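To start, the structure itself, in structure tokens.
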2 protein chains.
Amino acid sequence: MALSHALLTSLLEKSSSGYDLARRFDKSIGFFWHATHQQIYRELGRMEAAGWIASSSAPDAGKTRKRIYRVLPPGQAELLRWAAEPSAPMDLRDEFMVRLRADAALGSLDLAPELERRIALHQDKLALYREIEQRDFAAGTGMVRAASIHHMILKKGILYEENSIAWAQEMLDLLKKKSWNTNPRHQTPEPEAGA
Amino acid sequence: MALSHALLTSLLEKSSSGYDLARRFDKSIGFFWHATHQQIYRELGRMEAAGWIASSSAPDAGKTRKRIYRVLPPGQAELLRWAAEPSAPMDLRDEFMVRLRADAALGSLDLAPELERRIALHQDKLALYREIEQRDFAAGTGMVRAASIHHMILKKGILYEENSIAWAQEMLDLLKKKSWNTNPRHQTPEPEAGA
DNA sequence: TGCTCCATGTAACACGTTACATGATTGC
DNA sequence: GCAATCATGTAACGTGTTACATGGAGCA
């Protein structure tokens, strides 16, 4: 389970309420990893029960139920323990690849519009990441360790978006191509071949 | 839900048993998307109940329970319907990014060995993909549409692995760097900033 | 008054993972 | 005979998603 550890990390950076955490998460780790508020409240409840975090009524709570969560020493110890574990690289589990294979099997399904929509989405995200990069990681400044790491995480996102755009554009060109060789000798040998 | 549609696509390419499907899946879509045999049997059961697929005892079953699944017209119609739907680009949900943020928050956690392990894993995968590319998509041959699409899906994987290696190597250099600027003016302004 | 946002929660379900179980076939 | 592989399944649990519910605060 990694969500709880992502939340621990986020709370270490800044104690906050579940609601704030959900919004903050969306703007940091959540650029890559979305979590709903339900997931977050559920994890906060479990972590509090486990003694990893504690909550207290927020100073600005008024009559609301607003609570501030903070990391306790056992929570920090758990995060240290977990960080040393190996983990598998993520899957490239993209539904669009399945749609493409369906297109290959059934004949043209006109996936070009969806591909164009995705290119636009990737470009928007890329623009956002570059804006953040310019704002928070201006070139030339000798950065401290933590900031350099945050910068590298952002760069991972930038690389991914750039790549996705380049690939999608090549794919789009291919889908728009008219003249196909129908000689069966040039087909792949087996259905399982080729990714 | 996309797994059922991935299985439909795979069965369209070739009717097969649940077991064969699981193995074939691992070697095609499953390079990017792993599914356990339990998931696959569960989905096959649902799809048969829904009338998307039908099964019959395999010709080579002998005394085993081996069954061959094939796609029925309603299954193909469902795949066509689904393929036209828009879908969100996948998350970059990588646990290692969380570990890096934990490292940034807590001080050096010695993540270099894990990073080196990951580089090796990415290199292995890249070598495998390139082998498949050479075997099934030899350069210069005018390919048919379906093969070109399969090639592009494979290329997506190749690009991703190349990228991951390049990024991880830069990250590794950064983690091994000794001299850090500790001037707090160079820290990022807010915890939520920077990916 | 009604609208939006803040803040927290329950319920139900779909999807994914792990462990365990069963029996036939193939090869040494 | 024994082990590995083929082939299919159940059970339990953890994670992720969607829908719905509740009530306070700020604003027009």
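This one's a predicted model, so the numbers in the text were calculated from it and none came from an experiment. Just so it is clear: chains get the letters A, B, ... in the order the sequence lines come, proteins before strands, and each one is counted from 1.
- Residues A:Arg118 and B:Ser87 bring a donor and an acceptor atom of their side chains to less than 3.5 Å of each other.
- Residues B:Ser16 and B:Arg24 have side chains that bring a donor and an acceptor to within less than 3.5 angstrom of each other.
- Taking atom CG of residue B:Leu7 and atom C1' of nucleotide C:dG16, one finds them 14 Å apart after rounding to whole Å.
- Applying the 4.0 Å criterion to OP1 and OP2 of C:dC15, one finds that B:Gln39 has every side-chain N and O outside that range.
- D:dT15 atom P lies 12 Å from atom CZ of B:Arg93, rounded to whole Å.
- One can place CG of B:Leu3 at 15 Å from C1' of D:dG16, the figure rounded to the nearest angstrom.
- Donor-acceptor pairing under 3.5 Å, judged by distance alone, is present between the side chain of A:Arg42 and the base of D:dG16.
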Where protein sits on nucleotides 4-11 of chain C, one letter per nucleotide: B base, S sugar-phosphate only, - none, heavy atoms under 4.0 Å:
--BBBBB-

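- What separates CE of B:Met90 from P of C:dG16 is a distance of 14 Å, to the nearest Å.
- Going from atom NE2 of B:His34 over to atom P of C:dC15 covers 17 Å, rounded to whole Å.
- In this structure, A:Asp91 places its CG atom 13 Å from P of D:dG16, rounding to the nearest Å.
- The nearest whole Å value for the distance from the CE atom in A:Met47 to the P atom in D:dT15 is 11 Å.
- The ring pair (Phe, Tyr, Trp, His ring centres under 6.0 Å) search around B:Phe96 returns none, not counting sequence neighbours.
- For A:Glu78 and A:His5, the side-chain atoms include at least one donor-acceptor pair closer than 3.5 Å.
- Closest of all the heavy-atom pairs between B:Ala104 and A:Ala146 is O-CB, 3.7 Å.
- In this structure, A:Glu43 places its CD atom 8 Å from P of D:dG16, rounding to the nearest Å.
- The closest donor-acceptor contact from the side chain of A:Asp94 to the backbone of B:Met90 lies at 3.5 Å or more, if one exists at all.
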